[in-house]
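A short write-up of the structure that comes next.
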Amino acid sequence: MAYDVNELFPYPKNWVNDETHTIATAVHQWADKKIINNRLEYQKAYSELFLERRRSHNLDIGFQRIIFPEEYGGSGFNTLEKTPQLVTILGELSRADAGLGFMSALEYALSAVAAMEPNVNKEVCDLIAPMLCGQELKTVSILMPGQGIKDRIDPLFMGRPISARITPAQEGYSLSGSGIRPIGNGAIADIFGVVCADPDGRPGIAYVAADSKGISRGEEIKQTGLDACLNADISFSNVHVPSGHVIMNDDAVRELYTWLNLFLGAVSVGACLNFFEILRNWADNRVIKGKGLLKNNPLCASVLAAVAEEIGLAKILVYNISNFIGRTEVWGGHENPVIFMAAQMFGKRIQQCSLNAINRGMELMASAGYAKEWHAEKHWRDVKTIQSVLCGVGAEVPVQLDIARFFYESDLD
Amino acid sequence: MAYDVNELFPYPKNWVNDETHTIATAVHQWADKKIINNRLEYQKAYSELFLERRRSHNLDIGFQRIIFPEEYGGSGFNTLEKTPQLVTILGELSRADAGLGFMSALEYALSAVAAMEPNVNKEVCDLIAPMLCGQELKTVSILMPGQGIKDRIDPLFMGRPISARITPAQEGYSLSGSGIRPIGNGAIADIFGVVCADPDGRPGIAYVAADSKGISRGEEIKQTGLDACLNADISFSNVHVPSGHVIMNDDAVRELYTWLNLFLGAVSVGACLNFFEILRNWADNRVIKGKGLLKNNPLCASVLAAVAEEIGLAKILVYNISNFIGRTEVWGGHENPVIFMAAQMFGKRIQQCSLNAINRGMELMASAGYAKEWHAEKHWRDVKTIQSVLCGVGAEVPVQLDIARFFYESDLD
Amino acid sequence: MKSIDDFSRPLNNVSPMERPFRKVLRRVVDDEIMPHRRKYDEDWENHEYIEPVIHKLCVGLGIQKALFPQEYGGWSLGQSDYMMALAYCIAEEVGRGDSALSLSSICSLWPVCTFLIPPLVNMDLARELAPMFTGEALCIGCQAMTEPQGGSDIENMDLIKGKTITTTARQDGDHWVINGHKLWPTNSGGIATIFGVPCTTRPGSEDPNDFAYIMVPADTEGVTQSPPYAKAGMAADKNGDIWFENARVPLSYRIHGPGKDALAFKGLIYMGQLGSVGFAVGALMNVYEILYEFASTRTFGNRLLKENDAIAGILGDIAGSIDICRVLAYEVVRLGDDRNKPWGNPIYSEETIAKSRNIKEFICDKAVDVCGKAMDILGTHGSDRAWDVEKHWRDLKMVQLWLGGKQLCQMEKARYYFNCTTL
Amino acid sequence: MKSIDDFSRPLNNVSPMERPFRKVLRRVVDDEIMPHRRKYDEDWENHEYIEPVIHKLCVGLGIQKALFPQEYGGWSLGQSDYMMALAYCIAEEVGRGDSALSLSSICSLWPVCTFLIPPLVNMDLARELAPMFTGEALCIGCQAMTEPQGGSDIENMDLIKGKTITTTARQDGDHWVINGHKLWPTNSGGIATIFGVPCTTRPGSEDPNDFAYIMVPADTEGVTQSPPYAKAGMAADKNGDIWFENARVPLSYRIHGPGKDALAFKGLIYMGQLGSVGFAVGALMNVYEILYEFASTRTFGNRLLKENDAIAGILGDIAGSIDICRVLAYEVVRLGDDRNKPWGNPIYSEETIAKSRNIKEFICDKAVDVCGKAMDILGTHGSDRAWDVEKHWRDLKMVQLWLGGKQLCQMEKARYYFNCTTL
């Protein structure tokens with residue numbers, strides 16, 4: 001039975017305008033045509049077709065430049081009220097391939113901190129906009145705080161160890177740090193966004209072109225999922241960073257977390273929506289107990305329902321975060337701590353719900369759940385990879401401590 | 001440290017107008033003054049003070065009549081866009097006592113089906129509005145479908161057995177059914193809302209004054225919680241019901257479920273917000289490990305965070321359901337099946353989150369968690385009672401089957 | 001037709017005494033507890049219905065003398081390789097009827113476990129106290145542990161090492177003089193006959209030699225008990241405050257002496273876990289019985305609940321969880337009953353305590369969960385006290401929270417398995 | 001310093017052979033599996049690294065001959081009261097290194113369990129097949145169960161009674177002629193030496209007498225295997241399609257005959273659960289080792305992860321869960337090894353199957369959960385294959401899903417404990 005998976009899962013549509021629906025429909029159709037309807041072919045020549053499709057989406061259609069102001073050649077989606085739109089686009093893209101979504105999410109998140117009104121950072125935009133608004137594919141990698149090593153004392157961002165350091169140098173800073181693990185794309189990035197600390201331990205974000213002198217990459221890392229988003233540890237050896245390319249404040253780091261939670265939430269939900277389509281197709285066609293469709297057996301139906309519920313919840317939460325961010329007249333901007341807290345708290349939950357949905361749905365698919373042929377397992381590996389890279393170390397603990405700080409004024413550093 | 005528990009938990013404020021804030025603040029202050037700040041006294045003379053406070057809220061301030069059109073002497077909150085307001089009021093009231101909230105929720109839910117524009121049912125309003133808009137406390141009890149008995153074949157509402165039957169009789173119907181368990185208030189109700197089936201098995205709702213001939217009540221039931229909402233099984237022996245007092249359609253029953261999920265969700269979240277206040281106070285003052293406040297210990301903080309997260313999630317979901325209902329320009333009215341589905345799906349989750357929150361928070365309070373003196377245990381018992389009465393039988397299964405019908409077109413009857 | 005007797009037990013490790021003893025207990029529960037237990041909630045202050053059953057169990061069946069040496073009128077159960085199995089069996093069978101009754105009866109012996117289980121035996125003290133416990137009068141023991149300021153500190157011996165204990169024992173001639181304030185112990189609230197009191201001979205000390213455990217009869221001058229507190233459940237267990245104001249007891253009432261007192265006290269943690277898992281599993285088995293009845297007589301979609309695949313799935317999960325809890329509970333039994341085997345460890349060993357805490361935590365979490373889910377299956381009858389599931393739900397939540405609660409379990413597990421040093 | 005050897009085992013029930021045997025296995029895993037296992041994912045088609053290790057385990061250590069009678073060159077393990085304990089020990093120790101390797105080695109014996117475990121023994125068939133299994137050549141057994149249309153129907157014998165089986169056995173003179181299509185079994189995908197084939201002598205029948213289990217050597221004419229499928233994990237286990245087209249085997253290759261074949265096949269369900277819990281617990285113990293290393297060297301808030309109370313809480317929960325799984329896994333062992341005891345049941349009994357299914361389901365759920373949580377603790381290293389946790393996560397998900405998956409477990413539990421009749 002034909003149905004529209006996006007319309008099936010309710011969300012506050014009043015937050016999304018007609019323009020968005022138009023764009024979303026276009027991406028949806030593109031995804032069906034270019035990837036979803038030809039999955040086996042796509043799977044067989046994955047790395048090649050991934051690049052080709054990425055180019056098609058980002059350059060031919062032009063989504064790579066979408067977030068930048070028009071004066072930089074972007075599409076001007078750099079106001080906070082465009083947030084639901086960005087989320088919708090990422091979701092549609094990730095329905096086809098969470099790897100494509102992940103790459104765009106990293107690009108949008110890092111760009112948003114610099115390009116979103118009212119706090120457009122001209123110098124950073126001057127650095128990254130020409131690359132991202134040009135006619136070449138560019139890849140963004142982000143290095144977040146989160147992991148320290150025994151016997152080393154690090155500056156902390158809300159408890160999270162920061163491994164990269166900047167020290168003042170002539171006309172800017174010198175960036176150093178060894179073997180730091182990005183959340184993705186390290187092996188192929190053109191731009192690094194590096195959360196770093198100055199000698200006083202204050203955190204900030206350095207924007208660094210990947211071809212800067214003093215940057216070296218470790219071996220390519222084999223990963224659970226996001227196969228095309230090749231990662232590698234990065235070392236910075238006295239890399240020169242102009243002072244204008246460093247955004248030195250806590251709020252910016254919090255904002256980066258916020259965008260990551262939102263955008264990667266959209267990616268995981270997008271992957272889940274395609275998983276839902278796969279599962280629904282399975283449930284529509286599989287006979288069990290020698291009679292009756294799987295979807296008509298009450299026990300299987302209750303598992304199917306659990307899958308839909310988790311996805312529905314994750315989707316609602318994505319749009320609620322985007323509402324917190326986008327409704328500046330209600331919530332102000334990122335300086336309001338509630339936005340960071342809500343993005344972290346619900347962002348974590350979105351990943352949990354997404355993974356739960358796939359985990360449970362796989363139960364019903366038996367070996368089709370883990371056979372590559374059915375693609376369910378790809379979504380499962382991709383979403384898990386996103387979930388685990390988002391948390392730094394210590395699973396949900398860093399986020400829980402953020403929540404406790406907010407709600408109970410816990411003193412935890 | 002002074003804080004406003006409502007402001008602490010974010011929700012889409014843009015859905016709630018200034019009028020609501022004013023009303024909410026008034027109820028909040030009333031709750032603090034009349035109940036929360038004098039809990040021990042309230043507990044000691046519970047049944048007496050419960051009645052007195054109920055009178056104060058419902059009659060002196062006038063919330064009993066709020067939902068009815070002004071021509072009936074009501075306050076005219078009978079448009080769907082007032083939904084977030086009703087939710088806000090119920091939450092504030094339940095923060096003081098979930099029993100008070102539960103009673104109002106039942107009244108509002110049953111009334112809403114008859115009084116909400118655009119489908120105002122004049123005949124039913126003529127019956128119940130004079131009672132509920134008058135100067136006496138009136139109690140509403142609702143009998144939902146859900147439980148059948150071995151070897152009896154019942155008409156079904158989406159799988160749920162309906163125990164009450166109506167048959168055409170002179171100028172109306174004759175209502176019968178023996179020993180049916182209401183979801184609450186059976187022992188003290190003035191008005192019954194009875195989901196019943198006609199001889200063709202079609203479901204509807206009969207509105208019946210409790211003093212109608214042929215109604216008898218069983219023994220008062222001792223319950224886990226909601227101590228003041230005294231319940232009893234109800235038997236109807238050929239009770240005459242004018243035809244205008246019966247709303248005969250599936251949608252009406254679905255609508256009743258929707259309102260119950262929304263309003264009882266608001267009640268549980270309200271109770272949780274007060275539980276949060278109790279817990280935060282505990283965490284602010286308790287020293288553990290011979291040093292340091294409980295809230296500053298990372299493990300305890302992570303549990304505190306889990307409590308806040310569950311409450312935050314439940315609250316977001318309440319407002320999202322109310323948005324689905326209230327935004328008729330987006331979703332239409334209750335005839336859109338997505339509204340019933342979303343209310344059921346998220347309504348169930350709200351109860352789970354609420355109970356999780358209290359369950360986990362009690363972990364940190366040791367014996368203070370279950371000592372009556374601290375009141376935490378009352379919220380726990382009240383919320384659990386709401387959760388279990390909402391589901392009919394079979395725990396979440398009936399709702400999961402509803403979800404599967406919606407998302408997978410499962411054929412389950 | 002399946003019954004509660006189909007849940008798993010490691011039959012190769014079961015005492016020959018267990019079968020007949022279970023039978024007797026089962027009858028007492030069915031005949032004397034089940035018919036009255038719905039009245040217990042309102043009986044929490046007076047124990048009008050409760051007290052006679054406790055008397056029956058403790059005196060009538062002899063539970064209260066079980067640990068005392070045979071030469072002083074007891075059963076020498078502490079010597080037995082099946083001691084823990086038998087204690088568990090009582091906890092479970094009585095817990096099926098009422099966890100609090102089970103708790104109250106068994107906890108009565110809790111303090112005397114400190115000196116009646118080898119290798120930590122004090123025969124002199126056993127002889128001295130035997131007349132109280134082996135006679136025809138009900139003797140209620142109470143292990144008065146928690147202090148107002150401390151929360152679960154006192155159970156957290158490995159980290160806190162007793163330094164926050166404020167109840168003091170001062171030697172004065174041939175007496176100990178006890179001062180302090182305890183609250184919440186089982187069998188306080190006015191009914192205790194004798195207290196076991198963990199206290200310190202040097203306040204603020206972290207030296208285990210300064211930890212003392214002293215038996216204090218409730219009628220000692222200077223000992224006061226408050227009336228019982230009102231609680232969410234567990235009416236058969238009274239809890240209150242106890243004040244010791246210059247309460248004097250003979251020096252011989254200290255159970256062992258420096259060092260060994262602390263060990264014996266740690267052993268009580270194990271005994272507490274053992275009882276807890278018994279109460280919980282017993283109650284769960286009753287939940288299974290109730291669910292069986294309900295699911296076999298009520299319908300959804302005009303099928304019996306148990307014949308709807310989705311509801312049956314939940315029922316199956318519940319029964320499966322109960323079986324898993326039973327298996328694990330017997331692992332707690334094994335940990336204790338192997339104490340004298342070459343591969344075993346004393347009940348106060350780090351391993352026995354960490355592992356039994358882990359299982360207790362698991363079973364209690366599962367039990368609260370199962371009871372809550374069972375209430376939901378009963379729907380509008382789930383919160384009805386007439387079906388008794390909600391009673392178990394309230395009671396087991398309390399079992400979950402006591403003995404330092406969940407977070408302390410987590411810490412102890414982490415310390416044990418990850419060699420944490422600062423937690 | 002704690003290690004994986006500190007997790008619980010019921011030492012009163014452990015075979016004297018187990019300790020030395022574990023030592024050998026541990027060394028093989030540490031020396032020959034651990035250093036290479038990261039290459040296995042890419043080795044799924046060729047088994048360049050994998051095959052030699054399987055050879056080492058099955059031939060070198062002798063696993064493949066273990067069940068055969070001593071007089072035919074085996075160890076007669078099926079007679080032993082410690083058979084299940086030993087099988088479990090292999091599954092666990094090898095599973096610590098690689099679940100799929102463990103699976104592949106052990107499953108090789110799965111089909112022959114149908115006629116080498118008393119009381120269902122077929123000595124003639126044993127003698128006939130012994131040369132394949134007891135020689136120096138690798139002999140890979142494959143129990144070819146699942147059919148394209150059926151999903152888990154075939155494991156659901158109690159309800160479906162084999163009526164959906166489409167693989168047929170027709171008697172033709174002194175041969176069985178087999179026709180049908182099977183897919184997904186462990187050790188197919190081209191590597192099987194011999195198949196155990198559940199089939200029917202009368203398609204559509206619900207009569208257990210029409211169920212047949214027939215051994216079919218892979219080189220029989222008419223038997224074809226597909227290349228292996230690509231999967232999310234478990235590279236050391238090849239799975240593919242098998243087609244039987246008029247494949248002829250001697251009549252004596254039917255394991256027992258009408259009625260007993262069905263019983264023997266049900267016994268395989270138990271054996272499958274036993275292996276599954278072994279693979280899962282073994283992998284979990286390795287996860288513990290990895291977590292221990294990571295949490296002792298990485299910091300958050302400038303403290304070691306394991307010294308942050310909140311992270312330690314999760315670590316403690318994980319270790320506690322693993323211990324619980326270990327205890328429960330040994331209960332599965334006990335269920336099987338008590339099969340000849342007066343209180344025991346045959347491995348094909350309703351009780352043994354329902355209870356072992358329950359525990360398998362629990363352990364697998366917990367295992368997937370624990371691995372996922374462990375990945376999150378490792379954060380950006382969690383999805384890094386160099387840390388191996390994600391490998392266990394992928395592998396154990398597959399263990400969770402096989403043998404009919406979770407829903408069948410739920411149904412069987414419900415049927416067992418609630419006497420459901422229509423599920």
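Scope of the values below: all heavy atoms of this structure, side chains included, with no hydrogens, waters or symmetry mates. So you know, we letter chains A, B, ... as the sequences are listed, proteins then strands, and number each from 1.
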Which residue out of [options] racks up the most heavy-atom pairs below 4.5 Å with chain C?
| options | result |
| --- | --- |
| B/Arg381, B/Met158, B/Met362, B/Met365 | B/Met362 |
| B/Pro161, B/Pro145, B/Cys300 | B/Pro161 |
| B/Gln400, B/Glu377, B/Gln147, B/Lys378 | B/Gln147 |
| B/Asp151, B/Thr385, B/Leu299, B/Ile221 | B/Leu299 |

Side chains of [X] and [Y]: is there a donor and an acceptor less than 3.5 Å apart?
| X | Y | answer |
| --- | --- | --- |
| B/Tyr42 | B/Asp97 | yes |
| C/Ser104 | C/Asn187 | yes |
| B/Ser268 | B/Gln387 | no |
| C/Gln410 | C/Lys413 | no |
| C/His36 | C/Lys39 | yes |
| B/Ser163 | B/Arg181 | no |

Subject >> C/Arg394 with C/Asp41: basic N within carboxylate O range, under 4.0 Å >> reply: yes
Looking at chain B, which one of [options] has the largest number of heavy-atom pairs inside 4.5 Å, strictly under?
| options | result |
| --- | --- |
| C/Leu315, C/Ile314, C/Val368, C/Asn239 | C/Ile314 |
| C/Met375, C/Lys373, C/Gln407 | C/Gln407 |
| C/Leu401, C/Asn302, C/Thr297 | C/Asn302 |

Interface moiety of [X] toward chain C, non-hydrogen atoms closer than 4.5 Å:
| X | result |
| --- | --- |
| B/Pro398 | both |
| B/Asn359 | both |
| B/Ile149 | both |
| B/Trp380 | both |
| B/Leu401 | side chain |

Original post:
Hey, would you say the C/Trp184 and B/Tyr370 ring centroids sit under 6.0 Å apart?
Top reply: yes
Chain B heavy atoms under 4.5 Å from [X]: which part of the residue, side chain, backbone, both or neither?
| X | answer |
| --- | --- |
| C/Tyr229 | neither |
| C/Leu305 | side chain |
| C/Glu42 | side chain |

**OP:** Mind telling me whether C/His381 and C/Trp387 have parallel, tilted or perpendicular rings, with 30° and 60° as the class edges?
**Re:** perpendicular
Subject >> Pi-cation contact, C/Tyr416 with C/Arg357 (under 6.0 Å, within 45°) >> reply: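 No, a cation-pi geometry is absent between C/Arg357 and C/Tyr416.
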